[in-house]
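This report refers to the structure that appears directly beneath it.
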2 protein chains.
Amino acid sequence: MPSEEFSPQALTGPVLLAACGALANPHRLRILGALADGRQYVSRLARDLGMSRPLLHMHLQKLQAAGLVRGELELAEDGRAVKYFEAVPFALEVTPQVIRALVPTLPDPAPPRAGDKGKDTE
Amino acid sequence: MPSEEFSPQALTGPVLLAACGALANPHRLRILGALADGRQYVSRLARDLGMSRPLLHMHLQKLQAAGLVRGELELAEDGRAVKYFEAVPFALEVTPQVIRALVPTLPDPAPPRAGDKGKDTE
DNA sequence: GACATGTGTCAGACTTTTCTTACATACGAC
DNA sequence: GTCGTATGTAAGAAAAGTCTGACACATGTC
């Protein structure tokens with residue numbers, strides 16, 4: 001049951017980039033850490049973590065875009081709409097060799113301008 | 001021979017943040033991928049990767065600061081100073097549980113202002 | 001000397017990310 | 001109705017990251 005490469009999707013360059021970008025922020029690590037204890041809804045999470053709700057919303061967006069977190073809007077018993085988030089059970093394993101294998105799947109570096117004869121660049 | 005937690009140093013919150021921040025860039029992934037094939041000096045690396053040397057220098061700084069890369073200034077046979085970089089053989093493994101364990105080692109979120117009675121935040 | 005190679009670094013522009021403040025909606029209870 | 005909870009989003013400021021172009025130095029060859 002352990003050790004899937006990267007649970008939800010195949011590990012490609014862009015996926016690794018999104019995942020690392022999402023993990024490269026203390027707030028988002030805290031959020032993921034909190035969600036590792038179980039699902040939670042955003043207003044509660046904002047209170048628990050001591051951050052503003054719009055800010056938390058933004059970070060959750062980024063985590064969700066990276067596939068590290070999953071959100072689901074539910075209707076509570078009393079009828080109020082509550083959005084629960086949970087951590088996707090991912091397992092990200094990165095080594096220099098893994099990265100080398102992913103390099104070919106990276107987006108093109110940048111339009112290499114023709115007629116480029118700069119001295120320091122080429 | 002495989003599976004060290006995180007080769008060079010213990011995996012703490014700040015270390016993970018630095019590592020992910022360093023990995024969250026296509027140029028730096030390319031650099032690491034190239035160095036996975038073996039050590040190389042920066043001017044050569046800049047040519048191979050098709051990027052300017054100052055830019056490569058900046059990215060190498062960040063990779064080195066994160067402990068993912070190691071540089072060594074050497075004196076070539078003909079006397080020229082050449083700086084070689086090599087990839088540190090790290091193995092970064094991240095899961096929600098790992099993150100939860102690291103949360104306590106993260107830097108303080110932000111000075112939680114006393115007397116905070118904002119409506120949206122609390 | 002001029003020219004090639006190698007090194008490092010700075011200043012400024014540009015882009016992206018981060019964060020707050022303010023607004024909008026909907027529902028239930030009083 | 002008002003108050004409390006929940007949701008989402010937009011505008012703008014502030015900070016961080018990215019990148020280029022121009023410097024500086026040293027060495028070896030011509």
Side-chain angles (χ1 to χ4, degrees), chain A residues 17-18 20-31 39-66 71-85 107 109-113 116-122, chain B residues 17-18 20-31 39-66 71-85 107 109-113 116-122:
Chain A
L17 277 174
C20 288
L23 294 175
N25 179 286
H27 281 322
R28 290 194 286 269
L29 287 188
R30 261 179 251 278
I31 293 169
R39 59 203 296 260
Q40 192 55 274
Y41 66 94
V42 336
S43 286
R44 180 83 147 77
L45 202 52
R47 282 192 296 268
D48 292 352
L49 297 175
M51 69 173 74
S52 77
R53 201 172 43 78
L55 181 56
L56 175 61
H57 185 269
M58 188 201 61
H59 285 310
L60 283 172
Q61 283 296 111
K62 198 149 194 171
L63 284 168
Q64 188 172 39
E72 193 176 0
L73 187 63
E74 298 186 8
L75 236 51
E77 306 171 352
D78 57 350
R80 290 193 336 289
V82 183
K83 184 151 192 183
Y84 278 89
F85 275 90
R113 295 165 295 179
D116 193 342
K117 55 189 175 87
K119 30 193 143 179
D120 217 0
T121 303
E122 80 173 0
Chain B
L17 277 174
C20 289
L23 294 175
N25 179 287
H27 281 322
R28 290 195 286 270
L29 287 188
R30 262 180 250 278
I31 294 168
R39 58 204 296 263
Q40 192 55 273
Y41 64 96
V42 336
S43 286
R44 180 85 147 77
L45 202 53
R47 281 192 296 269
D48 293 351
L49 298 176
M51 70 174 73
S52 75
R53 202 170 44 75
L55 182 56
L56 175 60
H57 186 270
M58 189 201 60
H59 285 309
L60 283 171
Q61 284 296 113
K62 199 150 193 170
L63 285 168
Q64 188 172 39
E72 192 177 1
L73 188 62
E74 297 186 7
L75 237 51
E77 305 171 351
D78 57 350
R80 289 192 337 288
V82 183
K83 183 150 192 183
Y84 277 90
F85 274 89
R113 295 164 295 177
D116 193 341
K117 54 188 176 84
K119 32 194 144 176
D120 219 357
T121 302
E122 79 174 1

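Residue numbering restarts at 1 for every chain, and letters A, B, ... go by the order of the sequence lines. Only heavy atoms go into these numbers, but all of them, side chains included; no hydrogens, no water, no symmetry mates.
Contact annotation: B:Arg47 reaches the phosphate of C:dG6 (side-chain N/O to OP1 or OP2, under 4.0 Å). Between B:Arg53 and the phosphate of D:dA24, there is no side-chain N or O to OP1/OP2 separation shorter than 4.0 Å. Under 4.0 angstrom from either OP1 or OP2 of D:dC19 there lies no side-chain N or O belonging to B:Ser52. Phosphate proximity of C:dT18 to A:His27: absent, as no side-chain N or O sits under 4.0 Å from OP1 or OP2. At D:dA6, none of the side-chain N or O atoms of A:Lys83 fall inside 4.0 Å of OP1 or OP2 (strictly under the cut-off).
For the atom pair CD1 (A:Ile31) and CG (A:Leu56), the distance works out to 5.0 Å, reported to the nearest 0.5 Å. In this structure, the separation between CG on A:Asn25 and NE2 on A:His27 is 6.5 Å, given to the nearest 0.5 Å. Residue A:Gln40 holds its CD atom at 6.5 Å from OH of A:Tyr84, rounded to the nearest 0.5 Å. In this structure, B:Glu72 CD and B:Lys83 NZ are separated by 9.5 Å, a value rounded to the nearest 0.5 Å.
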Distances under 3.5 Å only, N/O to N/O: pair up the protein atoms with those of nucleotides 25-30 of chain D.
unit_1: D:dG28; atom_1: OP1; unit_2: B:Asp78; atom_2: O; d: 3.0

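Considering only side-chain atoms of A:Met58, the nucleotide from D:dA6, C:dG6, C:dC19 that sits closest is C:dC19. Listed candidates were D:dC19, D:dA22, D:dA6. Nearest to the side chain of B:Pro54 is D:dA22.
The CZ-C1' distance, from A:Phe85 to D:dA6, rounds to 14 Å in whole Å. Rounded to whole Å, atom P of C:dG6 lies 15 Å from atom NE2 of B:His57. Distance CD (B:Glu74) to P (C:dG8): 13 Å, rounded to an integer number of Å. With rounding to whole Å, B:Met51 atom CE is found 12 Å from D:dT18 atom P. B:Leu55 has its CG atom 14 Å from the C1' atom of C:dT15, to the nearest Å. Look at CG on B:Asn25: it is 13 Å from C1' on C:dT15, rounded to the nearest Å. Between the CD atom of B:Glu77 and the C1' atom of C:dT5 there is a distance of 15 Å, given to the nearest Å. Computed from coordinates, the B:Gln64 CD to C:dG8 C1' distance equals 13 Å when rounded to whole Å.
For B:Leu17, the side chain to side chain contact (heavy atoms under 4.5 Å, CB included) partners are A:Pro26, A:Leu29, B:Leu106, not counting sequence neighbours.
Between A:Arg28 and B:Leu73, the residue anchored closer to the 5' end of DNA chain C is B:Leu73, taking for each the nucleotide with the nearest heavy atom.
Counting all heavy atoms, side chain and backbone alike, B:Pro107 lies closest to A:Arg30 at O-NH2, 2.7 Å. For A:Ala66 against A:Ala22, the heavy-atom pair with the smallest separation is CB-CB, 3.7 Å.
Residue contacts for B:His59: at a heavy-atom cut-off of 4.0 Å it reaches the sugar-phosphate backbone alone, with no base atom in range. A:Arg44 comes within contact range of no nucleotide atom at all, as no heavy-atom separation falls under 4.0 Å.
For residues 56-65 of chain B, the set of pairs meeting the side chain to side chain donor-acceptor pair (under 3.5 Å) definition, not counting sequence neighbours, comprises B:Arg28-B:His59.
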